[in-house]
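Please read the structure below before turning to the comments.
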Amino acid sequence: AQSVTQLGSHVSVSEGALVLLRCNYSSSVPPYLFWYVQYPNQGLQLLLKYTSAATLVKGINGFEAEFKKSETSFHLTKPSAHMSDAAEYFCAVRAVTNTPLVFGKGTRLSVIA
Amino acid sequence: GAVVSQHPSWVICKSGTSVKIECRSLDFQATTMFWYRQFPKQSLMLMATSNEGSKATYEQGVEKDKFLINHASLTLSTLTVTSAHPEDSSFYICSASGTAGDYTFGSGTRLTVV
């Protein structure tokens, strides 16, 4: 079975500071990992995904994540936070194609001016 | 890119009535559709998985007679909340997966039952 744990339900950073959102996974097979962002009353937008190719994955809006098998981690980072990054972020995992994504509980990112 | 159109965005209905939510994949064929429910400040909870032309598979604890899912074509899936009650008020989101294996989410439906 697959699962993800997001450390920290709420992260607050200053505008321009580094963003680090943590995600650890558990999977019985090589995982496919995803990061999504959700703005209030909206659906989920894909930021990036890991599909067993490069371990450092670059996504949209300046985000990137590194897959570390030894640490079972897939942390999301952005060098410089922008006010528009304030949102809810979800890490997700799946095993086989077309099976449901399993989501973490989410991390709310606040950006302080 | 792939787009899933979900309607309505929000709906208010009276207790005891039924509400239908539609999700359409606009530029790809959705072989599998997932329906999620999200409570305020919580994560997405999978309700059911449906493959085109087949009966939906419901997660444990989800009433299949209350939440009717139809996936009759590769571009349309519907979720009908029957005899809705206030406790059914929630945010419902669909996610479509096609042959490419990507997951595209609808914009969600805010259901309020009064």
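Quick note on labels: first sequence line is chain A, next is B, and so on, each numbered from 1.
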Quiz item: Is it the side chain or the backbone of B:T104 that comes within 4.5 Å of chain A heavy atoms, both, or neither?
Solution: neither
Self-check item: Portion of B:S97 that has a non-hydrogen atom of chain A nearer than 4.5 angstrom
Solution: both
Self-check item: Interatomic distance, B:S107 atom OG to A:Y39 atom OH [nearest 0.5 angstrom]
Solution: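 Taking OG in B:S107 and OH in A:Y39, the distance rounds to 15.5 Å.
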Quiz item: Taking atom CG of A:N98 and atom OH of B:Y103, what is their separation to the nearest 0.5 Å?
Solution: 6.0 Å
Is [X] linked to [Y] within one hydrophobic cluster, defined over Ile, Leu, Val, Met, Phe, Trp and Tyr using a side-chain heavy-atom separation of less than 4.5 Å?
X      : Y     : answer
B:F105 : B:F28 : no
B:L44  : B:L46 : yes
B:V4   : B:I21 : no
A:M83  : A:F63 : yes
A:I60  : A:Y36 : no

Quiz item: Do other residues, nucleotides or ligands put more than 12 heavy atoms under 6.0 Å from the CZ atom of A:R22?
Solution: no
Quiz item: Which residues, numbered in order, of residues 100-113 of chain A come under 4.5 angstrom of chain B by heavy-atom distance?
Solution: A:P100, A:L101, A:F103, A:G104, A:K105
Quiz item: Which residues in residues 63-91 of chain B have a heavy atom less than 4.5 Å from any heavy atom of chain A?
Solution: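 Residues of residues 63-91 of chain B touching chain A at under 4.5 Å: B:F91.
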Quiz item: What part of A:L44 gets closer than 4.5 Å to chain B, counting heavy atoms only: side chain, backbone, both or neither?
Solution: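 Both backbone and side chain.
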Quiz item: chain B heavy atoms under 4.5 Å from A:Y32: which part of the residue, side chain, backbone, both or neither?
Solution: neither
Self-check item: A:Q38 side chain reached by B:I93 side chain, heavy atoms, under 4.5 Å
Solution: yes
Practice problem: Quick one: closest heavy-atom pair of A:F90 and B:Q38, and the distance? | Solution: CZ-NE2, 3.6 Å
